[in-house]
Amino acid sequence: MRHRLLPLLWTLIALGLAVMLSIAVGSVFIPPADLWRLLMGNFSGTLPEPLSTYALIIVSIRLPRTVLVALTGAALGASGAAYQGLFRNPLADPYLIGVASGAGLGAVIAMSIQWPYSFWGLMAIPMAAFLAALLTVFIVYSLARVGRTVPTTNLILAGVAFGSFATALTSFLMLRSTGEVRRALAGCWAGRASPAGCPCWGFSLI
């Protein structure tokens, strides 16, 4: 039992160190002693300088983004494990049946539209990505179906073909977009975290 829990223990330690580094390192470096003091709950009351500045940076900027990225990584890990169990292949990933490419295409289409800066305007991108991913699954399963069965080989081939098609459309839309939209798309593809107030929190928790 101890040998089974040891990898989990090391993973939790590595995750804690990564979270601490993500919060401490940036344009303003926060010393480990001050960071530990603030994380232990000393955010309330009157704080001396520079602790008050550090507290504002942590609460308003770094901690929400760090938690959001951690939740996103957990969601990606869970989806990867689900794919590996479904296909019984340790190398399987969401790109295998084109779901990731389809979701990316939906997000790019939504970002290419000028949405108003409101709740539904901010929700448009994650909702479009989610709906496009569901549509991709439906299309791939329809293409791979043979009678009442869906052979794994057909599913993989259909997924790779549709994923390549979605990637090509995504690249075309990115090339046709304006400079501002192109920079936003490049930031999303590079893994930039959304602002703390973005409603993507709900989708990460789901």
Side-chain angles (χ1 to χ4, degrees), residues 1-43 54-55 57-104 107 126 129-130 132-134 136-137 140-141 144 150-160 162-163 166-167 186-196 198-206:
M1 187 57 132
R2 176 183 296 181
H3 295 292
R4 292 182 179 180
L5 293 178
L6 193 59
L8 178 61
L9 178 61
W10 282 111
T11 302
L12 291 176
I13 292 175
L15 176 61
L17 291 176
V19 169
M20 296 288 287
L21 286 174
S22 176
I23 297 174
V25 178
S27 57
V28 177
F29 178 75
I30 301 176
D34 295 335
L35 176 61
W36 181 258
R37 177 182 173 185
L38 291 171
L39 290 180
M40 287 299 98
N42 293 332
F43 287 102
Y54 293 159
I57 293 173
I58 293 174
V59 174
S60 302
I61 302 175
R62 294 186 184 176
L63 187 59
R65 290 173 182 265
T66 300
V67 174
L68 178 61
V69 169
L71 289 174
T72 304
L76 290 174
S79 64
Y83 271 92
Q84 292 170 7
L86 175 64
F87 294 102
R88 299 176 183 178
N89 187 342
L91 299 179
D93 61 6
Y95 285 91
L96 194 61
I97 62 173
V99 175
S101 300
F130 184 71
L134 292 180
T136 300
V137 172
V140 170
Y141 264 79
V150 182
T152 304
T153 304
N154 291 13
L155 188 64
I156 294 175
L157 291 175
V160 170
F162 188 83
T167 301
C188 289
W189 283 111
R192 183 184 62 191
S194 299
C198 180
C200 300
W201 280 93
F203 287 87
S204 300
L205 291 174
I206 292 172

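- To the nearest 0.5 Å, atoms OG1 (Thr72) and CZ (Arg65) are separated by 12.0 Å.
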Test log, rule side-chain contact (heavy atoms from CB on, under 4.5 Å), inputs Val99 and Val140: CA-CA 9 Å; Val99 175; Val140 170; over 6 Å; no
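- Contact detail for Pro64 and Ile61: the closest heavy-atom pair is CD-O, 3.6 Å.
- For Ala144, the side-chain contact (heavy atoms from CB on, under 4.5 Å) criterion is met by Val150, Asn154, Leu155, Ala158, not counting sequence neighbours.
- Thr153 is listed as a side-chain neighbour of Leu157, based on a closest heavy-atom distance under 4.5 Å.
- Rounding to the nearest 0.5 Å gives a distance of 9.5 Å between CZ of Phe29 and CG of Asp34.
- The side-chain contact (heavy atoms from CB on, under 4.5 Å) search around Thr66 returns Val19, Ser22, Ile23, not counting sequence neighbours.
- Partners of Ile13 under the side-chain contact (heavy atoms from CB on, under 4.5 Å) rule, at least two apart in sequence or in another chain, are Leu9, Trp10, Leu17.
- To the nearest 0.5 Å, atoms CG (Leu35) and CD1 (Ile57) are separated by 11.5 Å.
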